[in-house]
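Side-chain atoms are counted along with the backbone in the values below, which use heavy atoms only and exclude waters and symmetry mates. Given the structure is predicted, the values throughout are model-derived calculations rather than measurements. First the proteins, then the strands, lettered A, B, ... as listed; each starts at 1.
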Number of protein chains: 2
Amino acid sequence: MVARESIRPGGRSARVQASVHAAVRRLLEVQDRSELTIPQIAAAAGVTPSTIYRRWGDLADLLADVAVERLRPDCDPADTGSTRGDLEAWFAQYVDEMSSAPGRAMTRDVLAGTSGPRNAGQCVAFTRQQLQVICDRATGRGEAALDLDALVDHVVAPIVFRILFDEVPPSDAFWRSLLDRCLRAPVAA
Amino acid sequence: MVARESIRPGGRSARVQASVHAAVRRLLEVQDRSELTIPQIAAAAGVTPSTIYRRWGDLADLLADVAVERLRPDCDPADTGSTRGDLEAWFAQYVDEMSSAPGRAMTRDVLAGTSGPRNAGQCVAFTRQQLQVICDRATGRGEAALDLDALVDHVVAPIVFRILFDEVPPSDAFWRSLLDRCLRAPVAA
DNA sequence: GACATAAAAGCAAATAATATGCGTTAGACT
DNA sequence: AGTCTAACGCATATTATTTGCTTTTATGTC
């Protein structure tokens with residue numbers, strides 16, 4: 001089962017969803033996710049457990065849903081005046097956010113849900129959208145065109161790979177060198 | 001809770017572990033993992049559910065444990081005579097295995113367990129070990145030294161990223177171009 | 001504005017999974 | 001052989017999940 005796609009804003013469904021999401025976020029700050037249960041979330045959100053079971057199916061799917069919502073960017077990348085600056089600023093905050101303990105947990109949650117592919121696809125779409133804005137801006141300035149796919153494959157992917165599979169989070173120097181290398185060899189056809 | 005590290009081979013613990021792992025593998029072929037339950041696995045393995053709960057904690061951890069075991073390489077990379085050939089052969093089978101439905105599921109399982117970092121770390125260690133063998137072989141032949149980290153960051157990572165986050169599995173052309181690019185610019189200091 | 005409709009939530013009871021105390025057994029070590 | 005310990009089985013208690021049915025709430029129609 002999966003969360004409904006289109007929910008009228010302001011309706012009862014939306015309110016329930018909001019309070020459940022809020023309850024999850026609140027509880028996750030206080031306790032470990034291995035202790036988290038659906039009845040507990042239901043109580044904290046002021047709804048019946050069966051409501052959650054019917055809408056989200058199980059805990060993994062609910063957590064995935066919450067994580068996707070939290071990973072959704074809320075504004076465009078900062079405009080620093082230069083493409084390089086835009087990219088550096090964006091990746092700095094991206095790495096910072098993603099390699100934090102909650103960030104790692106959210107990424108895992110997104111992948112763990114029953115509909116892992118769907119949720120994960122949405123997340124990478126967010127990332128691409130953000131980078132696309134920077135790419136478009138570069139083109140608008142008349143600078144050399146950026147290769148979005150190269151950025152994803154050679155900067156984003158190694159960063160996320162490290163976050164998911166390595167104990168130590170990616171260092172500042174690490175992602176900067178990835179970005180350097182990518183910008184230096186833009187279209188290695 | 002986590003599976004014990006060192007278990008004497010041939011002991012009762014080892015037998016229980018083997019039969020539980022086998023039961024999980026067997027059941028996963030027949031039915032969806034969302035239907036899979038611990039009592040069911042216990043019955044199929046001929047043990048008591050409490051045994052599984054005590055040893056593995058929960059289903060996610062058990063699945064992670066099984067997945068790590070299945071991802072453990074059972075032999076060295078094939079020796080094709082050339083480094084390039086070794087890499088191509090190895091990546092061909094790696095991508096094939098990892099992007100299959102069971103492969104994707106296993107990768108997700110590894111990340112989903114309570115001790116995600118530990119298990120994931122083990123998997124990337126397997127990969128590095130395999131690639132290290134190829135690197136050593138290259139050095140032995142007197143060829144140019146390969147950059148293991150570059151292979152992981154710029155070939156393995158984009159492949160795994162695609163498998164985890166994209167709906168469509170990485171194409172043959174995709175990983176070949178990654179490998180090409182990596183071999184052409186080996187030490188881009 | 002009252003009324004019908006449908007989707008979603010609440011409630012409560014039934015079922016299933018998970019946790020745990022305690023006795024038993026298998027293997028390790030002397 | 002005898003002892004010791006870790007792990008298992010069994011039975012029981014607790015907790016989570018599912019489900020049928022009722023009630024609520026928002027929406028669209030007259």
Side-chain angles (χ1 to χ4, degrees), chain A residues 1-24 26-28 30-66 69 109 112-115, chain B residues 1-24 26-28 30-66 69 109 112-115:
Chain A
M1 190 182 294
V2 111
R4 299 246 356 259
E5 296 299 326
S6 61
I7 295 171
R8 328 261 171 148
R12 183 170 53 156
S13 285
R15 282 201 304 278
V16 168
Q17 169 164 345
S19 63
V20 169
H21 277 217
V24 170
R26 200 158 359 106
L27 288 171
L28 276 181
V30 177
Q31 64 183 346
D32 202 61
R33 70 193 339 79
S34 61
E35 312 280 314
L36 201 62
T37 67
I38 287 192
Q40 188 186 21
I41 294 166
V47 301
T48 302
S50 65
T51 296
I52 296 183
Y53 286 115
R54 279 201 247 252
R55 272 187 63 163
W56 283 278
D58 65 7
L59 186 59
D61 283 343
L62 171 55
L63 289 177
D65 194 41
V66 172
E69 224 40 54
D109 288 343
T114 307
S115 50
Chain B
M1 188 184 295
V2 109
R4 301 242 357 259
E5 298 299 327
S6 61
I7 294 171
R8 330 262 169 151
R12 185 170 50 156
S13 285
R15 280 201 304 279
V16 168
Q17 169 163 349
S19 62
V20 169
H21 277 216
V24 170
R26 202 157 358 104
L27 289 171
L28 276 182
V30 178
Q31 65 182 351
D32 201 60
R33 73 195 333 83
S34 60
E35 314 280 312
L36 200 63
T37 66
I38 288 191
Q40 189 186 22
I41 294 166
V47 301
T48 302
S50 65
T51 296
I52 296 182
Y53 288 115
R54 279 199 250 250
R55 273 187 65 162
W56 284 278
D58 64 7
L59 186 59
D61 283 344
L62 172 55
L63 289 177
D65 193 41
V66 172
E69 225 39 55
D109 288 344
T114 307
S115 51

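Rounded to whole Å, atom C1' of dT22(D) lies 11 Å from atom CZ of Arg54(A). Across the protein-nucleic acid pair, Asp58(A) atom CG and dT18(C) atom C1' stand 16 Å apart, rounded to whole Å. The CH2 atom of Trp56(B) sits 17 Å away from the C1' atom of dA19(C) (whole-angstrom rounding). In this entry the distance linking CZ of Arg15(B) with P of dG9(D) reads 11 Å, nearest Å. One can place CD of Gln17(B) at 13 Å from C1' of dA7(D), the figure rounded to the nearest angstrom. Rounded to an integer number of Å, the gap from OH of Tyr53(B) to P of dT12(D) is 18 Å. In this structure, Glu35(A) places its CD atom 15 Å from P of dT18(C), rounding to the nearest Å. Following rounding to the nearest Å, Leu59(A) (CG) and dA16(D) (P) show an atom-to-atom distance of 11 Å.
Between its two ends, the helix from dG1(C)-dC30(D) to dT30(C)-dA1(D) turns its axis by 40°, counting five pairs per end and rounding to 10 degrees.
Against DNA chain D, the stretch residues 36-51 of chain B makes heavy-atom approaches under 4.0 Å through Gly46(B), Val47(B), Thr48(B), Ser50(B), Thr51(B).
Contact between Trp56(B) and Gln17(B) at its shortest, heavy atoms only, is CH2-CA, 4.0 Å. Nearest heavy-atom pair across Leu62(B) and Ile52(B) is CD2-CG2, 4.0 Å.
With hydrogens and angles left out, the side chain of Arg12(A) and the base of dA26(D) share no donor-acceptor pair within 3.5 Å.
Proximity of Asp61(A) to Asp65(A): side-chain heavy atoms (C-beta onward) are nowhere separated by under 4.5 Å. Taking 4.5 Å as the limit, some side-chain heavy atom of Leu28(A) sits within range of a side-chain heavy atom of Leu36(A). Taking the side chain as every heavy atom from C-beta outward, Arg55(B) and Val20(B) never approach each other to under 4.5 Å.
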Enumerate, atom names and distances included, each donor-acceptor pair closer than 3.5 Å involving a side-chain atom of residues 38-51 of chain B, sequence neighbours excluded.
residue, atom, partner, partner atom, Å
Gln40(B), OE1, Gln31(B), NE2, 3.0
Gln40(B), OE1, Thr37(B), N, 3.3
Gln40(B), NE2, Gln31(B), OE1, 3.3

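For dA9(C), one of the phosphate oxygens OP1 or OP2 lies less than 4.0 angstrom from a side-chain nitrogen or oxygen of Arg55(A).
One distance of note links CZ of Arg33(B) with OG1 of Thr114(A); it measures 10.0 Å at 0.5 Å rounding.
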